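This report refers to the structure that appears directly beneath it.
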Amino acid sequence: MNENLFSSFITPTMMGLPIVIAITMFPSIVFPSPNRLINNRFISIQQWLVQLTSKQMLSIHNQKGQTWALMLMSLILFIGSTNLLGLLPHSFTPTTQLSLNLGMAIPLWAGTVITGFRHKTKASLAHFLPQGTPLPLIPMLVVIETISLFIQPMALAVRLTANITAGHLLIHLIGGATLALMSISTITAMVTFTILILLTILEFAVALIQAYVFTLLVSLYLHDNT
């Protein structure tokens, strides 16, 4: 109980050097590339999930947008596996770091915006000024639409960071309360332990949902610009 509440969010180090890069690269081991004629069940389930997700996510895109298929699938696999691995005891979740999430959100958002200005210049500029806007409101609307455009990557990163961090904090608090109540009231401790189990199951769902939401929003930004 004396442990700092936010100690699990501190970037781990080894011999004074941060090892977040090694932790970030670790999920790639979970998804090995198939090298056999007949795959095992794990690889088969993995390929089926990737095909199902890609089919659902890329159905709205034209041929130009579908060139981002590998990027989008790599993104959802990375975020989903990182979130799930972060639920293991004594592990570190890189997606609780706003810097990492901004590092993913800003380049992807910038890529979609640049693609839009390159291939759909008039349509991209038209987003800044809705049709039929009264003349006195034009400067204000242009400023508002510009701010809303530049706030998109920040919203992506903050949403992912806040949801994952809040879940980890709740698990930490309820787990600490369960240990403290064991010596006071066994019945109350069992109730809080049941809540902890249900919350952990919910966090597994949140980990996958947040990966899907992050990737889906990037996909929608891409769809608006292709």
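Just so it is clear, the model here is predicted, and its values are computed rather than measured.
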Assigning hydrophobic clusters by single linkage (Ile, Leu, Val, Met, Phe, Trp, Tyr; side-chain heavy-atom cutoff under 4.5 Å), is F204 placed with I171? yes
Which heavy atom in L156 sits nearest to a heavy atom in A105, and how many Å separate them? CB-CB, 4.0 Å
Would a 4.5 Å heavy-atom cut-off, applied to side chains only, mark W68 and T112 as touching? yes
When you compare the side chains of T96 and H168, does any donor N or O come within less than 3.5 Å of an acceptor on the partner? no
Would you name the heavy atoms of T95 and L100 that are closest together and state the gap between them? N-CD2, 4.0 Å
With a cut-off of 6.0 Å (strictly less than), are more than 12 heavy atoms of other residues, nucleotides or ligands near CZ of F150? no
Any side-chain to backbone donor/acceptor pair from T67 onto Q63? Under 3.5 Å, distance only. no
Shared hydrophobic cluster for L220 and I209 (ILVMFWY, side-chain gaps under 4.5 Å): yes
Spell out, as yes or no, whether a donor-acceptor pair under 3.5 Å connects the side chain of W109 to the backbone of L149. yes
Quick check: closest heavy atoms across P153 and L102, and the distance to 0.1 Å? O-CD2, 4.2 Å
Does I187 CD1 have over 12 foreign heavy atoms under 6.0 Å away? no
Look at the side chain of S81 and the backbone N and O of F78, then say whether any donor-acceptor pair between them is shorter than 3.5 Å. yes
Step by step, would you call M140 with V143 a side-chain contact (heavy atoms from CB on, under 4.5 Å)? CA-CA 5 Å; M140 184 185 300; V143 173; 5.9 Å; no
Heavy-atom pair with the smallest gap, counting every atom of A157 and F214: N-CE1, 4.5 Å
Where the side chain of N225 meets the backbone of T115, is there a donor-acceptor pair that is under 3.5 Å apart? no
What heavy-atom pair brings I60 and H223 nearest, and what distance separates the two atoms? O-CD2, 3.0 Å
Counting neighbours of OH on Y212 that are heavy atoms of other residues, nucleotides or ligands and sit closer than 6.0 Å, is the number greater than 12? yes
Just by modelled atom types, is the E145 backbone N or O under 3.5 Å from a matching donor or acceptor in the S148 side chain? yes
Under 3.5 Å: donor-acceptor pair, side chain of T192, backbone of A189: yes
Could you tell me which non-hydrogen atom of T215 sits nearest to which non-hydrogen atom of L72, and how far apart they are? CG2-O, 3.4 Å
Assess whether side-chain contact (heavy atoms from CB on, under 4.5 Å) is satisfied between L98 and V158, documenting all intermediate values. CA-CA 7 Å; L98 185 61; V158 170; 4.1 Å; yes
